[in-house]
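Structure first, then comments.
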Amino acid sequence: MKPTIQSVKGTREFYPEDMAIRQWLYGKLRQVSELYGYQEYDGPFLEKIELYAAKSGEELVKEQSFVFPDRNNELIALRPELTPSLARMIAQRQGELVFPARWWSFGPFWRYEKPQKGRTREFFQWNIDQVGANSPEADAEMIGICASFLKSTGLTADEVIVYVNDRRLMDEQIAALGIAEDQRKSVSKLIDRRDKLSSSAWDQSILDAGFTSGQLAGLKELLDNKDLWKKSTELTRVFDALEKMGVSEYVRYNPQIVRGLDYYTGVVFEAWDAGAEGRAVLGGGHYDNLVADVGGNPLPGVGFAMGDVMINLLLEKYGKLPGFNLYSAAVLVTVFDEALRDDSMKLAAEIRDAGIRCICYSEPAKLQKQLKYADRLGMPAVLVFGPDEASAGNITIKDLKNRAQKTLPRAKVIHELEQILAQA
RNA sequence: GUGGGCGUAGCUCAAUGGCAGAGUGCGUGACUGUGGAUCACGAUGUUGUGGGUUCGACCCCCAUCGCCCACCCCA
């Protein structure tokens with residue numbers, strides 16, 4: 001059987017078993033967000049294109065957004081990220097909000113990219129930001145939230161690592177090499193690519209971009225200096241705070257982390273599979289100007305975003321996804337024949353009144369078929385209600401897990417069911 | 001945007017120019033009131049789509065659609 005209309009390329013279909021994973025993930029990140037005292041919020045899924053045009057980076061807006069004209073010929077984008085919407089929401093109520101504002105969100109985003117491993121056109125993203133704080137300790141709190149979340153999923157420090165850097169530090173160091181400010185962006189891009197090219201090819205790309213061999217040597221020295229952070233008072237405080245928070249093992253300095261988004265102005269960080277391959281699982285940083293850019297008074301912030309696709313791949317790779325009970329109902333009430341159908345329905349209603357999820361089989365059918373149905377759905381228990389039980393005022397209750405069954409007076413059934421379900 | 005791979009039963013895949021198959025799942029029965037095992041029987045296909053070559057095409061050629069992987073880029 002072929003569907004006549006295909007799903008839109010890169011969109012997601014969450015079958016119940018996929019939905020269970022998504023909800024589990026949502027539960028994990030909500031728990032961590034709330035533990036750190038953050039409040040849940042959300043923005044519009046549709047935004048005017050101009051919101052992103054300002055600061056998100058040209059590539060993101062021009063190449064990677066779903067954009068279409070509405071009936072009024074206004075260009076509308078399906079949101080490719082949340083931070084600009086957040087900045088606007090903050091700016092709109094800047095006078096009444098309590099700062100620092102600690103907010104988090106989890107919802108769908110869209111980017112018009114070519115789908116491949118770890119990347120879809122529609123994805124869910126966790127966003128968490130602290131707006132109105134401007135200290136290395138606030139930045140560290142955000143990195144600590146990353147680490148706490150990763151830890152809460154069961155990922156160990158051997159499996160995932162959060163790399164930290166600071167753009168100000170890199171800008172100073174690069175400037176000291178005699179590289180002009182307008183060249184820094186292209187340097188950043190080249191730094192980003194260093195792990196993808198061979199050592200000699202990367203060297204050549206630096207020279208091809210017009211930098212001197214002296215500058216190349218200086219760059220390499222910078223990027224190989226794992227102690228470079230000690231030259232930054234901010235990063236020194238960040239790592240100190242992370243130690244106090246007890247998450248140092250998940251965090252490491254990495255001078256190659258620069259990030260693509262234009263709006264980051266200070267500390268930046270990314271989490272990666274420690275097994276090297278793939279791409280960043282999450283990323284974020286400190287931004288000073290975003291609120292002002294959408295019309296508010298200047299207000300700094302720090303935050304990060306994590307997509308559901310990469311983290312799921314990672315959790316799957318390291319076997320961290322739990323098994324889920326997918327059954328929708330705990331109990332099936334069988335329907336023996338037409339004559340007993342009404343009684344079965346009444347019995348099922350009684351079970352539900354006791355707060356137990358219950359399905360009444362939809363039609364009279366062989367017991368074999370009804371039991372198989374319950375079994376296939378993974379249901380823990382079945383209530384068999386046939387003529388023998390009906391005439392004696394009994395119910396037969398079957399525990400599908402251990403294959404045991406007993407026939408009891410109807411009044412005792414709910415208690416017995418609760419016993420079985422407590423062990424399921 | 002560039003390059004590579006793949007589309008055959010519900011699913012996973014065989015069949016390299018000569019009668020479209022297996023495993024699994026599904027249905028029925030063995031078992032007339034009992035699910036995971038076993039056995040038997042049964043059903044399922046315009047071989048993604050359209051064209052071409054050929055006596056003959058799942059197979060070769062062209063086009064097209066879809067999926068996957070990598071590059072680019074990455075929030």
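Note on naming: letters A, B, ... go to the chains in the order of the sequence lines (proteins, then strands), and numbering restarts at 1 for each one. Here the structure is a predicted model, which means the values were calculated and not measured.
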Any side-chain N or O of [X] below 4.0 angstrom from OP1/OP2 of [N]?
| X | N | value |
| --- | --- | --- |
| A/Gln368 | B/rU34 | no |
| A/Lys9 | B/rC67 | yes |
| A/Arg119 | B/rC69 | no |
| A/Lys366 | B/rG29 | yes |
| A/Arg193 | B/rC72 | yes |

Worksheet item: For residues A/Gln405 and A/Thr396, is any side-chain donor paired with an opposing acceptor at under 3.5 Å?
Response: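 Checked: A/Gln405/A/Thr396 side chains show no N/O donor-acceptor pair below 3.5 Å.
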Whole-Å [atom1] distance, [N] and [M]:
| N | M | atom1 | value |
| --- | --- | --- | --- |
| B/rU64 | B/rG3 | P | 14 Å |
| B/rA43 | B/rG10 | C1' | 13 Å |
| B/rU24 | B/rC67 | C1' | 23 Å |
| B/rU46 | B/rG27 | C1' | 25 Å |
| B/rU8 | B/rU16 | C1' | 14 Å |

Discussion item. Among A/Phe149, A/Tyr38, A/Phe124, which residue satisfies the ring-ring contact (aromatic ring centres under 6.0 Å, His included) criterion with A/Phe106?
Written reply: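 For A/Phe106, the ring-ring contact (aromatic ring centres under 6.0 Å, His included) test succeeds with only one of A/Phe149, A/Tyr38, A/Phe124, which is A/Phe124.
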Worksheet item: Are any of the side-chain nitrogens in A/Arg12 or A/Asp308 under 4.0 Å away from the carboxylate oxygens of its partner?
Response: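 Salt bridge between A/Arg12 and A/Asp308, a charged N being under 4.0 Å from a carboxylate O: yes.
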Worksheet item: For RNA chain B, which ranges pair as stems of 3 or more consecutive Watson-Crick or G-U pairs, with both donor-acceptor distances under 3.5 Å?
Response: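 Counting only runs of 3 or more consecutive pairs, the stems involving RNA chain B are B:1-7 with B:65-71, B:10-13 with B:21-24, B:26-30 with B:38-42, B:48-52 with B:60-64.
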Worksheet entry | Nucleic acid contacts of residues 369-393 of chain A, taken as heavy-atom distances under 4.0 Å to RNA chain B |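 Heavy-atom cutoff 4.0 Å gives A/Leu371, A/Lys372, A/Asp375, A/Arg376, A/Val384, A/Gly386, A/Pro387, A/Asp388, A/Glu389.
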Practice prompt. Using heavy atoms to find the nearest nucleotide of RNA chain B for A/Lys117 and A/Phe123 separately, return the residue whose nucleotide is more 5′.
Written response: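 Its nearest nucleotide being more 5', the pick is A/Lys117.
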Practice prompt. Tell me which nucleotide among B/rU34, B/rC73, B/rG3 gets nearest to the side chain of A/Thr396.
Written response: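 Taking heavy atoms from C-beta onward, the closest nucleotide is B/rU34.
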Discussion item. Given B/rC73, B/rG35, B/rC71, identify the nucleotide with an atom nearest to the side chain of A/Gln116.
Written reply: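 Of the candidates, B/rC71 comes closest.
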Worksheet item: Looking at A/Tyr163, is A/Arg252 sitting on its ring face, NZ or CZ under 6.0 Å from the six-membered ring centre and within 45 degrees of the normal?
Response: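 So A/Arg252 doesn't make the cation-pi contact.
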Worksheet entry | Cation-pi, A/Tyr264 ring and A/Arg167 (6.0 angstrom, 45 degrees) |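 No cation-pi geometry.
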Discussion item. Can you confirm whether A/Arg194 sits close enough to A/Lys220 that some side-chain heavy atom of one is under 4.5 Å from a side-chain heavy atom of the other?
Written reply: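 Side-chain contact under 4.5 Å: yes.
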Fill in: Between P of B/rU34 and CD of A/Gln405, the distance in whole Å
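Distance check: A/Gln405 CD to B/rU34 P gives 10 Å.
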Worksheet item: With ring centroids as reference points, do A/Phe66 and A/Trp110 lie under 6.0 angstrom apart?
Response: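 Not close enough - the centres of the two rings lie 6.0 Å or further apart.
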